[in-house]
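Inspection log for the structure reproduced underneath, given as structure tokens.
Just follow the structure's listing: the first ligand is 1, and inside any ligand the first atom is 1. The residues of the chain are indexed from 1 along the displayed sequence.
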Amino acid sequence: MSKPVILQVGPYPEWDQKPLESAFEVKRLFEATDKAAFLGEHGPDVRAIATRGELGADRAMIAACPQLEVISVYGVGFDAVDLDACRARGIRVTNTPDVLTQDVADLGVAMMLCQSRGMIGAEGWVRDGSWVSKGLYPLKRRVFGRKAGILGLGRIGYEVGKRLAGFDMDIAYTDIAAKDYAPDWTYLADPLELAHHSDFLFVTLAASAETRHIVNHDMIEAVGPDGMIINISRASNIDEDALIAALQDGTLGSAALDVFEGEPALDPRFLEQDNVLLQPHHASGTIETRKAMGQLMRDNLSAHFAGQDLLTPVL
Ligand code: 8YV
């Protein structure tokens, strides 16, 4: 029996590539120089798309695959998949929630600690001989006991909060409603109020058209010159121009970012700022988690083609 044809949007580690290719006939879109021509040639045969969180599947890609049945996202975020186009054609969508939650939360908290304590600069201080020639490293800001805000108390936000509780932080959060699983933390319905509360504002909400630029100029100003914004969600949740301007003029103390508009080609103005920690969208990037994500991404495809229930359906 012939294998189902799938369109692979971006590369995966070798440990995913091999089993994917043994189960499916894989068309590697990411290797094509002329993507439109590639889609024109192979799209008519494609029954599934295997993609990544930040790459998704846009309307044109979906339209180029008239036999498309399912899109499997390697990642929890599915904001880059055109869900309306999928709904209109009854195309199923899956993602990889849960398996990455802990690692994403770990990196967010690590970014806060790293940036607040100036660890990147401190490393340079040792390596370039400043410790010997200039003496003590400049003093930085404490983390423990300060105020944290979590914008979006979903799975990842909750795990961030659990870690922050270990630093005796005063934790508040915003979500569409108060969460009964977070009785010790303060619920603030208004994101602006949350920003005023926060020395450290974690952006952990799932991105959508509705959340675009939810962290706007007013929110950034409210976090303030002693505050930090940590983004481990999607760049679109923050008005990046307003963020850069605030980092430049000191309206905002600092930021720690794992996601960027147009990544990996980020706005070059970020590179001129030493009050921002820049990370290459790797919050889920541990071997353990990426293996689990790859397995779940493939298991969803296999379940679909075996006529079984999808393990982690979005649509
Ligand atoms: C990426 C992510 O999928 O989970 C998400 O939504 O954006 C990430 O986990 C990962 O970087 C692999 O591309």
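Listed by number with element, the atoms of ligand 1 under 4.0 Å from a non-hydrogen atom of Met293 are 9 (O). When each atom of ligand 1 is checked for a heavy atom of Tyr74 under 4.0 Å away, the hits are 3 (O), 12 (C). Residue-ligand proximity, Val76 to ligand 1, at heavy-atom distances under 4.0 Å covers atoms 4 (O), 5 (C), 6 (O). For ligand 1, the atoms closer than 4.0 angstrom to any heavy atom of Gly53 are 3 (O).
Atom 11 (O) of ligand 1 has Arg290 NH2, 3.1 Å as its closest protein atom, hydrogens excluded (heavy atom only). Of all protein heavy atoms, the one lying nearest to atom 13 (O) of ligand 1 is Glu54 OE1, 2.8 Å. Remark: minimum distance from atom 2 (C) of ligand 1 to any protein heavy atom is reached at His281 NE2, 3.5 Å. When only non-hydrogen protein atoms are considered, atom 9 (O) of ligand 1 lies nearest to Ser284 OG, 2.8 Å.
Residue-to-ligand polar distances place Gly77 within reach of ligand 1: an N/O pair is separated by less than 3.5 Å. In terms of N/O distances under 3.5 Å, ligand 1 is not approached by Leu100.
With Glu159 contributing its side chain and Thr101 its backbone, the two residues share no donor-acceptor pair below 3.5 Å. For Thr204 (side chain) and Leu151 (main-chain N/O), a donor-acceptor pair under 3.5 Å exists by modelled atom type.
More than 12 heavy atoms of other shown residues, nucleotides or ligands fall within 6.0 angstrom of atom CZ in Arg89.
Contact between His282 and ligand 1 is absent, with no heavy atom of the residue lying under 4.0 Å from the ligand.
With respect to Lys3 and Glu25, no salt bridge is recorded, no charged nitrogen being found less than 4.0 Å from a carboxylate O. A salt bridge links Asp241 and Arg269; the closest N-O separation between the charged side-chain nitrogens and carboxylate oxygens is under 4.0 Å.
By the 4.5 Å heavy-atom criterion applied to side chains, Met112 and Arg163 are not counted as neighbours.
Between the side chains of Glu54 and His281, no donor-acceptor pair is found at a separation under 3.5 Å.
What you find for Asp274 and Gln115 is that their closest heavy atoms are O-NE2, 4.3 Å.
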